[in-house]
Chemist: 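Supplied in structure tokens, the structure appears directly below.
The figures here come from the full heavy-atom set of this structure, side chains too, leaving out hydrogens, waters and symmetry mates. Numbers here simply count residues along the sequence, with the first being 1. Just so you know, these numbers come straight off a predicted model, no measurement behind them.
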Amino acid sequence: MSNYLFEDFNGVNPAEWKQQIQVDLKGGDYNETLLWKTEEGITVKPFYTKEDRTNTKVNIPKEGFSICQSIFINDEEKANAFAIDSLQRGASSIQFLAKKEFDYKILLKGIDTENITIYFSLDFLSSDFIKDVSSFINSEKCYFNTDIIGHLASSGNWYSNLKSDHDQLEEIANNSQNAICVNASIYQNAGATITQQLAYALAHANEYLNHFGSSVTSNIHFNFAVGSNYFFEIAKLRAFRILWDSLLSEYNAQATAHVFAQPSLRNKTIYDYNVNMLRTTSECMSAILGGANTVTNNSYDKIFHHPNEFGERISRNQLLILQQESQLAEAQNIADGTYYIETITQQLAQKALEVFKQIEQGGGFLKQLKEGVIQRKIKESAKKEQDLFDSGKLVLLGTNKIQNENDKMKQDLEVSPFLEVRNEKTLIQPIIQKRLAEKLEQERLKNE
């Protein structure tokens, strides 16, 4: 019966589709009307077919994503209680953030570190402390976001100096698992294009491989910020896995990329702030469908409020809804076979590889950071995006379009949501992470 029904429909090839579209355009130019070119230089077509499939294998995780609760350590006992409460309410991993050393025994009390994935994002470098924490936990599910090059890129300085930082990182890598992080979120939050983010993340990681050798491949993991370009962000994470496998093959090594993802801060706003929940939901979904191992969400008020129970609970529940009610618990390979996503994945990977090769030919990522080349390229991309926002072509609803004139925020700012200029000497020009809406928001605040 089913075969008979299908025989009633004639197959249509791409040329016939295009011909029918041309008829429907009634004389309009197909290329000018329906094709659009992204900032990555990729031309997006109005339709894709199986002939566009690349059949490129993507090394996707075998298990679905983990919901991560991020917790800043001000008080070990309070952070511990928050972590346990979060785990009881649906989180399956925890990220602890700290600016100084802490009592890890109090912090981890009552937490099953053998089965719960723990991330430590430390804004300091201490090989002895990290070795102690790693030895105490003694689990392959423990990750340290130690990224000396990322620190240099974002702050303009090493923790101490090039040699000391590399010596400490080598000591950490030799005595701890999952100890080297490539924090690619720096580039996204500063305004880099997706192609640049991929190329810089790969070149960034290659600096560690060049310095320490292929033995550290399984020790390296990655942090990515996910923006609002829904399908392209799915493709970004998939493209990176292709690029990482390609790079490792040059070292005769194999290791599956471990990807920690969270929503971008670049497009978040203080006005009409509830829209931030819509943005982060879309971005978390891109991360999940892109195959991120772990996803942490940003609360809707992260940029202007201190961490609070309501905001953190809502952000965690967004992920629980996606995981449980939207049935995306095992959606890591759901994009396999999709004509559009497969095509842009391959194109992003190819274009990022070209940029990566240019960086390597120019002496490598670290050299180009010191020369200011990477910073200049990101600035150029960020300015183009900022100009689109300022002109209204790039819309942030409630901020540069459909503003609520009754929305007042001056008395609701617990922390400054704006870029703060640091008056200190730096070794290199730092990569500046800045939100698109800052200038407009400052003007609105003045007029309240």
Side-chain angles (χ1 to χ4, degrees), residues 31-46 48 52 54 153 184-204 224-240 242-243 261-269 279 282-283 285-287 289-290 335 340-359 362 365 368 372-397 399-401 431-440:
N31 291 339
E32 291 184 4
T33 306
L34 296 179
L35 302 185
W36 60 279
K37 199 167 187 177
T38 71
E39 293 298 323
E40 287 74 26
I42 293 174
T43 300
V44 179
K45 303 188 296 184
Y48 290 80
D52 293 298
T54 62
S185 65
I186 297 168
Y187 314 124
Q188 198 283 338
N189 282 314
T193 67
I194 289 177
T195 299
Q196 288 172 328
Q197 293 169 49
L198 290 168
Y200 297 163
L202 196 66
H204 185 153
F224 279 94
V226 178
S228 58
N229 193 345
Y230 183 72
F231 290 108
F232 271 72
E233 292 291 342
I234 296 172
K236 177 176 80 177
L237 298 185
R238 292 171 64 86
F240 182 75
I242 295 171
L243 290 166
Q262 65 188 102
S264 169
L265 292 176
R266 187 158 170 80
N267 62 346
K268 302 307 179 288
T269 60
R279 297 177 183 126
S282 169
E283 289 157 3
M285 194 169 175
S286 289
L289 302 184
Y340 177 40
I341 295 175
E342 278 201 3
T343 302
I344 58 177
T345 297
Q346 188 63 29
Q347 289 176 306
L348 285 172
Q350 289 173 348
K351 289 185 176 295
L353 188 59
E354 291 172 8
V355 177
F356 170 77
K357 289 178 178 178
Q358 291 171 6
I359 294 170
F365 188 72
Q368 296 219 329
V373 176
I374 303 298
Q375 295 91 321
R376 177 171 55 80
K377 295 286 188 182
I378 293 176
K379 267 188 175 181
E380 290 170 358
S381 298
K383 186 180 185 305
K384 288 180 182 178
E385 188 179 30
Q386 188 69 55
D387 289 345
L388 288 173
F389 173 80
D390 293 343
S391 67
K393 293 179 181 178
L394 191 162
V395 174
L396 292 181
L397 200 63
T399 298
N400 67 340
K401 191 169 186 178
I431 293 174
I432 305 300
Q433 301 175 65
K434 184 179 179 182
R435 294 182 301 110
L436 288 166
E438 289 196 20
K439 182 180 177 182
L440 189 152

Chemist: Would you say Arg435 and Asn267 make side-chain contact, with heavy atoms under 4.5 Å?
Modeler: no

Chemist: Using modelled atom types and a 3.5 Å cut-off, is there a donor and acceptor pairing between side-chain atoms of Gln197 and backbone atoms of Tyr187?
Modeler: no

Chemist: Main chain of Gln433, side chain of Asn189: is a donor-acceptor contact present, judged purely on distance under 3.5 Å?
Modeler: no

Chemist: How would you list, by chain and number, every residue that makes a side-chain hydrogen bond (donor to acceptor under 3.5 Å, both in side chains) with Gln375, sequence neighbours excluded?
Modeler: none

Chemist: Under 3.5 Å, is there a donor on one side chain and an acceptor on the other for Ser381 and Gln196?
Modeler: yes

Chemist: Whether the side chain of Asn400 engages the backbone of Leu394 through a donor-acceptor N/O pair (distance < 3.5 Å, no angle test) should be reported.
Modeler: yes

Chemist: Taking side chain as C-beta onward, heavy atoms only, is Ile359 less than 4.5 Å from Ile374?
Modeler: yes

Chemist: Not counting sequence neighbours, which residues clear ring pair (Phe, Tyr, Trp, His ring centres under 6.0 Å) with Phe231? List them please.
Modeler: Tyr340

Chemist: Using the side-chain contact (heavy atoms from CB on, under 4.5 Å) criterion, which residues pair with Thr343? Sequence neighbours excluded.
Modeler: Tyr48, Asp52, Gln347

Chemist: Quick one: does Lys384's side chain get under 4.5 Å of Glu39's, heavy atoms only?
Modeler: yes

Chemist: Quick one: are Thr399 and Phe389 in side-chain contact, heavy atoms under 4.5 Å?
Modeler: yes

Chemist: Side-chain contact test, heavy atoms from C-beta onward, threshold under 4.5 Å: evaluate it for Glu385 versus Arg266 and give yes or no.
Modeler: yes

Chemist: Quick one: closest heavy-atom pair of Ala287 and Val226, and the distance?
Modeler: CB-CG2, 4.0 Å

Chemist: Check whether the side chains of Gln188 and Ser264 place a donor and an acceptor atom closer than 3.5 Å, and report yes or no.
Modeler: yes

Chemist: For atom NZ of Lys379, is the number of surrounding heavy atoms from other residues, nucleotides or ligands below 6.0 Å larger than 12?
Modeler: no

Chemist: Does this structure show an ion pair linking Glu380 with Arg376, if we count only N-O contacts that are shorter than 4.0 Å?
Modeler: yes

Chemist: What closest approach, in Å, do Thr193 and Glu40 show between heavy atoms, and which atom pair accounts for it?
Modeler: CB-OE2, 3.5 Å

Chemist: Side chains of Thr195 and Leu348, heavy atoms from C-beta outward: is any pair under 4.5 Å?
Modeler: yes

Chemist: Between Ile42 and Lys37, does a side-chain contact (heavy atoms from CB on, under 4.5 Å) hold up when you go through it step by step?
Modeler: CA-CA 5 Å; Ile42 293 174; Lys37 199 167 187 177; over 6 Å; no

Chemist: Any salt bridge between Lys236 and Glu233, counting N to O under 4.0 Å?
Modeler: yes

Chemist: Walk me through whether Leu198 and Leu202 qualify under side-chain contact (heavy atoms from CB on, under 4.5 Å).
Modeler: CA-CA 6 Å; Leu198 290 168; Leu202 196 66; over 6 Å; no

Chemist: So which heavy atom on Ser286 is nearest to which on Tyr230, and how close?
Modeler: OG-O, 3.0 Å

Chemist: With a 4.5 Å cut-off on side-chain heavy atoms, are Thr345 and Ile242 touching?
Modeler: yes

